[in-house]
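Working notes, beginning with the structure itself.
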Amino acid sequence: MTELHFTLTEADRLPEAERETILANPGFGNHFTDHMVSITWTQEEGWHDAAVLPYGPIPMDPASSVLHYGQEIFEGLKAYRREDGSIVAFRPEENGRRLNASARRLALPELPVDLFVEGVRQLVTIDAEWVPSGEDQTLYLRPFMIADESFLGVRAAQRARFLVIASPAGAYFTGGVKPVSIWLSRDLARAGRGGTGAAKCGGNYASSLLPTRIAAEHGCAQVLFCDSATEDTIDELGGMNLFLVQAGADGAPRALLTPRINGNILDGITRKSLIRLAEDRGLAVEERDITVTEWREGVADGSIVEAFACGTAAVITPIRRLLGEDGLSIDFGEENSPGELTMSLREELTGIQYGVREDRHGWLSVMVTAGA
Ligand SMILES: *Cc1c(COP(=O)(O)O)cnc(C)c1O
């Protein structure tokens, strides 16, 4: 264990009645808990000043490097309240490891994984009453790191800050899981070869906002990016990984197809977990290049039968249609969407997360024990 003691400054807590009103209908990303976690890094001292603080604005110099050169990375994970009152997080060490992979690419300091998990645990523990108990509700946790040196020269900052904030989240789909249409962006990319596509950084999201707006103008909920070199090989969505379901000669699902980790896409923890669950069921999983052409031809000849996107926020989002310029339209049709395998994998993964199915891979990490 990395030896860092977290000092505590108690916040004025939101009155219980107001908190309960929020928890009854939290939405996503609108409300924040009473506290936040902060750890400071400097070149000379390394990580120090670990603190649990009242949630609130952070002082920032207008010359702070993050504001000018975008040196920022983040993570997203959830805490779940189980029936016995305990609170668990899903594979938090994976988020800690991925934060460090992002840190290396963005020239930010790495944070020991145990310190990352401890920071999350500190926040979930002090704000445990903010973890909702309603169906499909969670406490969404947002760890992030910013360069925080007051200096306009262009180089990696010598001062950084790691913070964790938390926000109660309602069910992603209200009134049942609904398949979405997605828009293929060929000319606008979120990242290019050798760029920051594999890092979870704010810059990738900034470049995805315009294509997402264009997608919305075409009635699509999400954008699908393809490789900027071939404009046909699929990468991923703005914030989710993509899977196709391939059927065998008998029409039953035989394989999951998903773009390989090619240096341009995010190594999603939901993606990784679903690959494991599919393999447990005896399905083949092919991580390789997949093209829009293969998707179109596969739907036409009946070999591609389902598609879905996955990520922490929505877990699994069934895809009904892929639309794009020049009349591109690949449609599974209402009767085939959401797909059966898509929904059954969704049910299995959320079942593990909420503790109603056996956690056979040891993915859950107890943050707060029952009765604590
Ligand atoms: C966070 C993210 C994902 C999903 O990763 P999970 O670990 O499954 O939440 C996928 N793509 C991008 C670009 C992301 O930022």
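Residues: numbered from 1 along the sequence shown. Start at 1 and go down the list; that is how both ligands and their atoms are numbered.
An N or O contact shorter than 3.5 Å is missing between Gly268 and ligand 1 by distance. Where the criterion is an N or O separation shorter than 3.5 Å, residue side chain and backbone included, Lys200 meets it with respect to ligand 1. At a 3.5 angstrom cut-off on N or O pairs, Tyr205 counts as close to ligand 1. Checked by distance only, ligand 1 and Asp267 stay at 3.5 Å or farther apart across all their nitrogen or oxygen atoms.
Checked by atom type and distance alone, the side chain of Glu110 never pairs as donor or acceptor with a backbone atom of Arg104 at under 3.5 Å. Counting only distance, with no hydrogens or angles, the side chain of Arg81 and the backbone of Val131 share a donor-acceptor pair below 3.5 Å. Within the 3.5 Å criterion, the main-chain N or O of Glu75 finds a donor-acceptor partner in the side chain of Arg142.
Of all protein heavy atoms, the one closest to atom 8 (O) of ligand 1 is Thr270 OG1, 2.6 Å. In terms of protein heavy-atom proximity, atom 12 (C) of ligand 1 is nearest to Glu236 OE1, 3.4 Å. The closest protein non-hydrogen atom to atom 9 (O) of ligand 1 is Thr312 OG1, 2.6 Å. Atom 3 (C) of ligand 1 has its closest protein heavy atom at Gly239 O, 3.3 Å.
In Leu266, the part holding a heavy atom less than 4.0 Å from any atom of ligand 1 is the side chain. Heavy atoms of Met240 found under 4.0 angstrom from ligand 1 belong exclusively to the backbone.
Proximity to Gly238 (heavy-atom distance under 4.0 Å) selects the following atoms of ligand 1: 13 (C). Atom numbering of ligand 1 starts at 1 in the shown order; those under 4.0 Å from a heavy atom of Arg98 are 5 (O), 6 (P), 7 (O). Annotation for ligand 1: atoms under 4.0 Å from non-hydrogen atoms of Asn241 are 10 (C). Within the listing of ligand 1, atoms 13 (C) sit less than 4.0 angstrom from a heavy atom of Arg190.
Taking the charged nitrogens against the carboxylate oxygens, Glu10 and Arg13 do have a contact shorter than 4.0 Å, which makes a salt bridge.
Residues forming a salt bridge (Lys or Arg N to Asp or Glu O under 4.0 Å) with Asp267 (at least two apart in sequence, or on another chain): Lys272.
Judged purely by distance below 3.5 Å, without hydrogens or angles, the side chains of Asp84 and Ser86 pair a donor atom with an acceptor atom.
The side chain to side chain donor-acceptor pair (under 3.5 Å) contacts involving residues 202-223 comprise Thr196-Asn204, where partners must be two or more places apart or lie in separate chains.
Taking the six-membered ring where the residue is Trp, Tyr80 and Tyr354 present perpendicular rings, their angle passing 60° and hence far from 30°.
Between Tyr140 and Phe28, the distance separating the two ring centers is shorter than 6.0 angstrom.
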